[in-house]
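Worth saying up front: this structure is predicted, and the values here are computed from it rather than measured. Chain naming here is simple, since letters A, B, ... match the order of the sequence lines and numbering starts at 1 in each.
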Amino acid sequence: MAHVTVLLFASYADAFGTRTLEVPVRAPCTVAEVVDAMRSLPGGDRLPSEPLVAVNHVWSAPETLVQSTDEVAVIPPVAGG
Amino acid sequence: MAHVTVLLFASYADAFGTRTLEVPVRAPCTVAEVVDAMRSLPGGDRLPSEPLVAVNHVWSAPETLVQSTDEVAVIPPVAGG
Amino acid sequence: MADAAFTDVTHAPLDLGALIARVAGPDAGAIASFVGTVRNVHEGRAVTGIDYEAYEPMASLELARVANEAVARWPGVRVAISHRVGTLVVGDASVAIAVASARRAPALDAVRFVIETLKVRVPIWKREHYVDGTRAWVDPTASAHESAGA
Amino acid sequence: MADAAFTDVTHAPLDLGALIARVAGPDAGAIASFVGTVRNVHEGRAVTGIDYEAYEPMASLELARVANEAVARWPGVRVAISHRVGTLVVGDASVAIAVASARRAPALDAVRFVIETLKVRVPIWKREHYVDGTRAWVDPTASAHESAGA
């Protein structure tokens, strides 16, 4: 089955019970499509309406295209400092 | 002769050639009167129109009264930091 | 004197003096700095420590981007930033920033820019440990107040 | 933890770490600091050192007044300030300021207030040494630029 692997951290890793989540969506697709597909997985109800996403270590917009080789991270509200 | 002793520092000490100047004015008098009396002394032409003055370690206005027991300092533009 | 921007994400204790030494130089008349430390209370709850977690490769890159943006915005400044990750106790420094410049205003402005910007852009999270033994991830977007970090 | 305000005018080299230690504490999440150092150029002239002269009893009092005003304006902050006097060479620190507070904004604001205020209020002067052997008192009111200090 086609999937995109998403990195998770902190409260999102707790919510989904994993740090690397296989999201059932076929690349290339948009960041928004990856997030939408995550909502139907266990823990997906804990995502906010528009979570932060980084593609290849760069903050990315919902319409950004994701390739199968990209590193995708769905990121909880940051709280460094 | 009546006088007020004025402490001098930095460029004013250089201008008057001393760090303690006896200014020929009778206390009690105002800060402005002390400064005016300094202008007729050698170096007095180097004073600006309204130099900074401290009386007993507090910044003081031209109309502040000076007593004979006060510590009076006429102070060049400050440049700390 | 070092490059204009030094940044790192580290598990080791922070050393502000070392960061200052990195940015100092005979052309610098001003060195402004900031240290964020773990404090003992957050929204009225006693805090004993904080786990700092980072998405490390991106956090390192984003920290460098913030430093480089400061250098671009205040030409001539030198910036050094270290962010610690791992488990910290009350009083430990979580972030240290040093900025040197010829004059004081750019150094002060750039330090403020760096701390404000890294807090919203660098992917680092903190989980507070409370005195009652519970732990919770800090969500600045869900809270009217800020956390026990700086 | 020390009193809310520590200040001194000293002939000894400054130690920012010691000032930070004075203001740090488990209730502080933020420590902002500033160090002014002698830099190697002023208005295009090469500077080799600076004599700092103070009206010492008043400078000590005025520095304490500035620190206390910062504490009054940003309640809860702790402030430590040291100003060095004597002959300094390029790179030497002439002033060091550390401010701790629960949150970062008051610490950053108070450090800026302290350096800006002490520069116009504390009776300290500097005489720059130029590479050609001449010396001159710095008069900020007579110059479009600032001096080789911070």
Heavy-atom pair count under 4.5 Å with chain D, highest-scoring of C:A98, C:A32, C:S33, C:A100: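 The candidate making the most pairs under 4.5 Å is C:S33.
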Which heavy atom of C:R112 sits nearest a heavy atom of D:L108, and at what distance? NH2-CB, 3.4 Å
Least distance between heavy atoms, C:R104 atom then D:I115 atom: CD-CG1, 3.8 Å
Examine whether an atom of C:V111 lies under 4.5 Å from a heavy atom of chain D, and if so say whether it belongs to the side chain, the backbone or both; otherwise answer neither.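 For C:V111, side-chain heavy atoms alone lie under 4.5 Å from chain D.
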Checking the side chain of C:T37 only, and the main-chain atoms of D:I31 only, is there a donor and an acceptor separated by less than 3.5 Å? no
Does anything in residues 10-20 of chain C reach chain D? List residues with heavy atoms under 4.5 Å apart, or say none. C:L16, C:I20
Part of D:D92 lying under 4.5 Å from any heavy atom of chain C: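 No part of D:D92 comes within 4.5 Å of chain C.
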